[in-house]
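One structure below.
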Number of protein chains: 2
Amino acid sequence: MTTEETARTGAEPQAEQEHDVFAQLCPSREMFAELADKWSLLILMSLSACGPQRFSELQRGVGGVSRKMLTQSLRNLERSGLVLRTVFPETPPRVVYDLRPLGRELAELVAPLGHWTERRARQMLAAREEFDAAHPEGSR
Amino acid sequence: MTTEETARTGAEPQAEQEHDVFAQLCPSREMFAELADKWSLLILMSLSACGPQRFSELQRGVGGVSRKMLTQSLRNLERSGLVLRTVFPETPPRVVYDLRPLGRELAELVAPLGHWTERRARQMLAAREEFDAAHPEGSR
DNA sequence: CAGCATCCTGTCCGATACTG
DNA sequence: CAGTATCGGACAGGATGCTG
């Protein structure tokens, strides 16, 4: 029996506060909800694929991200111990972001997800067209 | 050179429309943005871990999801060919959701992400407290 | 350059009521 | 049971201007 099944079936009454992403109020769910978003995952993937990067490099790397969301997401990742922020006291200032061991672990799980999406995008788009054709609109 | 590096450096001028999740307007980015959300990932994980499930089972399984978001996310997954929706014409009606091969592929990449989060949640929470302690509030 | 503060718009998403 | 429809508040997130 897997972890989630144990937790979800409640088969372990004395379970000493197991972490369960499926449980609404579990801390791990909170963490999952924060990581499972577009920008955070793309940032992790970018740092993993291209190594340490400056703020502006990241913004160019992750297409379409605004300074605001980039700052916000980076701050979250830094706060959770996934990303290291290093300031070089120069003028103009230079700030470099890099993965910490925890973040590198996660990034290595996330990268395959990105590659999979790139490989299967065409197939999913085809499925969509087929679906949309079969469900003109106001059906169901 | 990896796919994303090729695409992002523009080193392949004649690149025949490679898919790149980092590119804002690439179809694969659109797909990625749709999949990379809390509810979709949790649904995939639930279907992967517990097998085919009815609507209400899924709602109980994925803690905190509303009928609306569950319907919406399931519809997206179905539309993209990841999930199969089967209606049994009974009374009361019974609808079962299951992974299609495409969805099963993805789910197997997503599951480790969930498990990792459960394993590392405590560590990330600790990092947060430390961060918050070091940055009382209006610093920086 | 690397942000923060502000404003503003779109959308997310829950609550509620209704249908087959 | 498994949805759909509608409303409304909260918040995500882009644009802009300013600072160290």
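By convention in this document, chain letters (A, B, ...) are assigned in the order of the sequence lines, proteins followed by strands, and residues within each chain are numbered from 1. Just the heavy atoms: all of them, side chains too, but no hydrogens, waters or symmetry mates, feed the values below. Predicted model only: the values in this text are computed from it and were never measured.
Residues meeting the side chain to side chain contact (heavy atoms under 4.5 Å, CB included) test with B/Thr86, sequence neighbours left out: B/Leu84, B/Phe88. Applying the side chain to side chain contact (heavy atoms under 4.5 Å, CB included) rule to A/Ser73 yields the partners A/Trp39, A/Ser40, A/Ile43; only residues at least two apart in sequence or on another chain are considered. Take A/Glu105 and apply the salt bridge (Lys or Arg N to Asp or Glu O under 4.0 Å) test, not counting sequence neighbours, and it matches B/Arg120. In this structure B/Arg119 satisfies the salt bridge (Lys or Arg N to Asp or Glu O under 4.0 Å) test with no other residue, sequence neighbours excluded. Under the rule for a side chain to side chain contact (heavy atoms under 4.5 Å, CB included), the partners of B/Val87 that lie at least two apart in sequence or sit in another chain are B/Arg85, B/Val95. Under the side chain to side chain donor-acceptor pair (under 3.5 Å) criterion, B/Glu30 pairs with A/Arg128, not counting sequence neighbours. Residues that satisfy the salt bridge (Lys or Arg N to Asp or Glu O under 4.0 Å) test with B/Glu129, not counting sequence neighbours, are absent from this structure. Under the salt bridge (Lys or Arg N to Asp or Glu O under 4.0 Å) criterion, A/Arg104 pairs with A/Asp98, sequence neighbours left out. Taking A/Leu41 as the reference, A/Val110, B/Phe32, B/Ala36 meet the side chain to side chain contact (heavy atoms under 4.5 Å, CB included) condition, with sequence neighbours excluded.
We find that CD of B/Gln53 is positioned 13 Å from P of D/dG3, with the value rounded to whole Å. Here the P atom of nucleotide C/dG14 and the CD atom of A/Gln24 are 9 Å apart, to the nearest Å. One can place CZ of A/Phe88 at 14 Å from C1' of C/dC1, the figure rounded to the nearest angstrom. When rounded to the nearest whole Å, the span between CG of B/Leu70 and P of C/dA15 equals 15 Å. If you take CG of A/Leu74 and P of C/dG3, they are 8 Å apart, rounded to a whole angstrom. Put simply, CD on B/Gln59 is 10 Å from P on D/dA2, counting in whole angstrom units.
Using a 4.5 Å cut-off between side-chain heavy atoms of Ile, Leu, Val, Met, Phe, Trp and Tyr, with links allowed through other members, A/Val21 and B/Leu125 fall into the same hydrophobic cluster.
Under 4.0 angstrom from either OP1 or OP2 of C/dA2 there lies at least one side-chain N or O belonging to A/Ser56. The side chain of B/Arg85 places no N or O atom within less than 4.0 Å of a non-bridging phosphate oxygen (OP1 or OP2) of D/dA2.
Of the candidate nucleotides C/dG3, D/dA2, C/dC1, C/dG3 has the atom lying nearest to any side-chain atom of A/Thr71.
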Distances under 3.5 Å only, N/O to N/O: pair up the protein atoms with those of nucleotides 12-19 of chain D.
{"residue": "D/dG13", "atom": "N7", "partner": "A/Lys68", "partner atom": "NZ", "Å": "2.7"}
{"residue": "D/dG13", "atom": "O6", "partner": "A/Lys68", "partner atom": "NZ", "Å": "3.2"}
{"residue": "D/dG14", "atom": "OP2", "partner": "A/Ser66", "partner atom": "OG", "Å": "2.7"}
{"residue": "D/dG14", "atom": "O6", "partner": "A/Lys68", "partner atom": "NZ", "Å": "2.6"}
{"residue": "D/dG17", "atom": "O6", "partner": "A/Arg67", "partner atom": "NH2", "Å": "3.2"}

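Contacts between residues 91-98 of chain B and DNA chain D, defined by a heavy-atom separation under 4.0 Å, are made by B/Pro92, B/Pro93, B/Val95, B/Tyr97.
The overall bend of the helix from C/dC1-D/dG20 to C/dG20-D/dC1, read as the angle between its terminal helix axes built from five base pairs each, is 50° when rounded to 10 degrees.
Taking CG from A/Leu77 and CG from A/Leu47, the interatomic distance works out to 8.0 Å, rounded to the nearest 0.5 Å.
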